[in-house]
Amino acid sequence: MPRRAKKLPRSFYDRPTGEVARDILGKYIVYKSPEGRLVGRIVEVEAYIGQDDPACHAARGETGRNAVMFGPPGFSYIYFIYGMYFCLNFVTEKKGFGAAVLLRACEPSEGLDIMYKNSPRIKSDVKLLNGPGKFCRSFGMTRDQNALDLTGSVLYLEDRFEKAPRIGRSHRIGIRVGRDKLWRFFDTDSKAVTKS
DNA sequence: GTAGTGATTTTCT
DNA sequence: GAAAATCACTACA
């Protein structure tokens with residue numbers, strides 16, 4: 001069996017957040033859920049970087065919610081938003097610096113039956129994971145998956161050594177401050193990228 | 001096909 | 001008490 005996939009090490013996350021966000025595109029997220037193995041190819045992310053970024057949850061210092069962002073790199077940060085949805089982030093940069101990459105969209109790869117079960121109203125593959133709230137719902141992720149070690153065996157990212165995607169960038173979505181920053185990155189050839 | 005709006009609760013001020 | 005890193009439904013073209 002040739003080398004087909006490698007789990008990304010902690011050093012991948014221990015870099016400037018903008019670089020991590022760009023390099024994450026085209027990688028695969030693997031989650032061994034209680035229901036079974038779920039895999040998606042990452043096609044859209046956003047960077048939230050430290051105290052100088054007004055849109056970042058870490059902008060106003062450490063709180064109970066965002067404590068994981070200030071911890072060491074390579075951990076999951078999941079928060080609850082709009083009374084109904086969860087969003088998954090990957091913590092970046094060294095301990096004490098509050099930054100993370102928000103996962104916005106993926107193309108489903110494995111475990112489609114479980115995703116459809118978690119999102120009963122979705123009718124096509126591409127719509128299962130095209131949005132941060134939809135991704136967490138289809139993957140069955142909640143607060144319980146917060147602060148998981150991404151170098152462990154439950155949740156991690158995988159490099160399958162595919163050709164790097166064409167990368168586009170734009171302002172971030174859904175925020176009211178910090179829209180001047182072009183910190184949203186996406187695969188320009190993917191149909192699963194969110195609109196607008 | 002697009003545009004407008006309600007749902008629902010945690011979190012911090 | 002207000003806002004929030006969203007989504008899906010409804011109305012209309």
Side-chain angles (χ1 to χ4, degrees), chain A residues 13 16-22 24-25 29 40 42-71 73 75-93 97-108 114-148 150 155 157 167-187 190-196:
Chain A
Y13 306 97
T17 306
E19 288 183 23
V20 178
R22 188 165 23 92
I24 270 181
L25 295 174
I29 178 167
I42 299 170
V43 298
E44 182 180 353
V45 296
E46 288 176 1
Y48 287 87
I49 311 177
Q51 309 223 346
D52 293 332
D53 176 5
C56 182
H57 285 175
R60 298 191 180 177
E62 186 171 340
T63 66
R65 176 172 69 158
N66 67 22
V68 188
M69 289 180 90
F70 285 90
F75 283 80
S76 63
Y77 166 49
I78 297 185
Y79 61 86
F80 189 68
I81 193 68
Y82 296 126
M84 341 177 129
Y85 299 106
F86 293 96
C87 294
L88 170 65
N89 299 248
F90 308 114
V91 176
T92 59
E93 311 208 31
F97 189 82
V101 172
L102 167 70
L103 177 64
R104 286 193 58 84
C106 290
E107 293 170 356
I114 301 172
M115 297 180 201
Y116 275 114
K117 195 171 141 199
N118 288 334
S119 296
R121 287 179 253 189
I122 301 294
K123 294 176 183 169
S124 73
D125 294 0
V126 73
K127 295 185 178 173
L128 283 167
L129 306 176
N130 67 333
K134 296 166 81 177
F135 171 85
C136 284
R137 190 187 54 197
S138 294
F139 261 51
M141 303 193 109
T142 67
R143 213 185 307 287
D144 292 346
Q145 280 71 43
N146 190 33
L148 286 177
L150 301 177
L155 177 66
L157 299 187
I167 294 172
R169 64 187 298 176
S170 76
H171 69 83
R172 292 171 291 180
I173 309 275
I175 55 175
R176 309 214 176 163
V177 290
R179 306 196 88 179
D180 52 318
K181 308 263 199 289
L182 295 176
W183 287 349
R184 168 173 175 260
F185 300 89
F186 54 94
D187 177 347
S190 174
K191 293 170 199 149
V193 171
T194 58
K195 301 182 180 180
S196 95

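These values consider heavy atoms only, across backbone and side chains, with no hydrogens, waters or symmetry-generated copies. Naming convention: chains lettered A, B, ... in sequence-line order (proteins, then strands); numbering from 1 in each chain. Since this is a predicted model, take the numbers as computed values, not measurements.
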Between [X] and [Y], which heavy-atom pair has the shortest distance, and what is it?
{"X": "A:P108", "Y": "A:M115", "answer": "CB-SD, 3.8 Å"}
{"X": "A:I173", "Y": "A:E46", "answer": "N-OE2, 2.9 Å"}
{"X": "A:Y77", "Y": "A:V91", "answer": "CB-CG2, 4.0 Å"}
{"X": "A:L129", "Y": "A:S138", "answer": "CD2-CB, 3.7 Å"}
{"X": "A:A192", "Y": "A:V43", "answer": "CB-CG2, 4.1 Å"}
{"X": "A:I29", "Y": "A:C106", "answer": "CG2-SG, 4.0 Å"}

- prompt: CG of A:D180: more than 12 outside heavy atoms within 6.0 angstrom?
  reply: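 Count over threshold, so yes.
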
query: Under a 3.5 Å cut-off on both pairing distances, which runs of 3 or more consecutive Watson-Crick or G-U pairs involve DNA chain B?
result: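 The stems that DNA chain B takes part in, listed by first number, are B:1-7 with C:6-12, B:9-12 with C:1-4.
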
Spacing of [X] atom [atom1] relative to [N] atom [atom2], expressed in whole Å:
{"X": "A:N118", "N": "C:dC7", "atom1": "CG", "atom2": "C1'", "value": "16 Å"}
{"X": "A:I173", "N": "C:dA4", "atom1": "CD1", "atom2": "P", "value": "16 Å"}
{"X": "A:I78", "N": "C:dT6", "atom1": "CD1", "atom2": "P", "value": "15 Å"}
{"X": "A:F86", "N": "C:dT6", "atom1": "CZ", "atom2": "P", "value": "15 Å"}
{"X": "A:E44", "N": "C:dA5", "atom1": "CD", "atom2": "C1'", "value": "12 Å"}
{"X": "A:L129", "N": "C:dT6", "atom1": "CG", "atom2": "P", "value": "16 Å"}

message: Can you check the distance between B:dG4 and C:dA5, where both ends of the measurement are the P atom (answer in whole Å)?
response: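 22 Å, rounded to whole Å.
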
query: Taking the six-membered ring of A:F186, is NZ or CZ of A:R104 closer than 6.0 Å to its centre and within 45° of its axis?
result: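 No, cation not above the ring by the 6.0 Å, 45° rule.
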
message: With a 4.0 Å cutoff (strictly under), does any side-chain N or O of A:R179 reach OP1 or OP2 of C:dA5?
response: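 Checking A:R179 against C:dA5: no side-chain N or O falls below 4.0 Å of OP1 or OP2.
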
task: Decide side chain to side chain contact (heavy atoms under 4.5 Å, CB included) for A:S76 and A:M141; before the verdict, give the C-alpha distance in whole Å, the side-chain angles of both, and the deciding distance to 0.1 Å.
output: CA-CA 11 Å; A:S76 63; A:M141 303 193 109; over 6 Å; no

message: Closest-nucleotide mapping onto DNA chain C: is A:R176 or A:P132 further toward the 5' terminus? I mean the 5' end.
response: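 That would be A:R176.
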
message: Students often mix this up, so state it plainly: with edges at 30° and 60°, are the rings of A:Y13 and A:F90 parallel, tilted or perpendicular?
response: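 Rings of A:Y13 and A:F90: tilted, 30 to 60°.
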
Shorter than 3.5 Å, N or O on both sides, protein versus nucleotides 8-10 of chain C: list them out with atom names.
| from | atom 1 | to | atom 2 | distance (Å) |
| --- | --- | --- | --- | --- |
| C:dA8 | OP1 | A:R137 | NH1 | 2.9 |
| C:dA8 | OP1 | A:R137 | NH2 | 2.7 |
| C:dC9 | OP1 | A:R121 | NH1 | 3.4 |

query: Going 5' to 3' along nucleotides 8-13 of chain B, which nucleotides have protein heavy atoms under 4.0 Å from the base (write B), which only from the sugar-phosphate (write S), and which from neither (write -)?
result: BBSSS-

A:Y116 side chain to A:D125 side chain, donor-acceptor N/O pair below 3.5 angstrom: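 Yes, side-chain donor-acceptor contact under 3.5 Å.
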
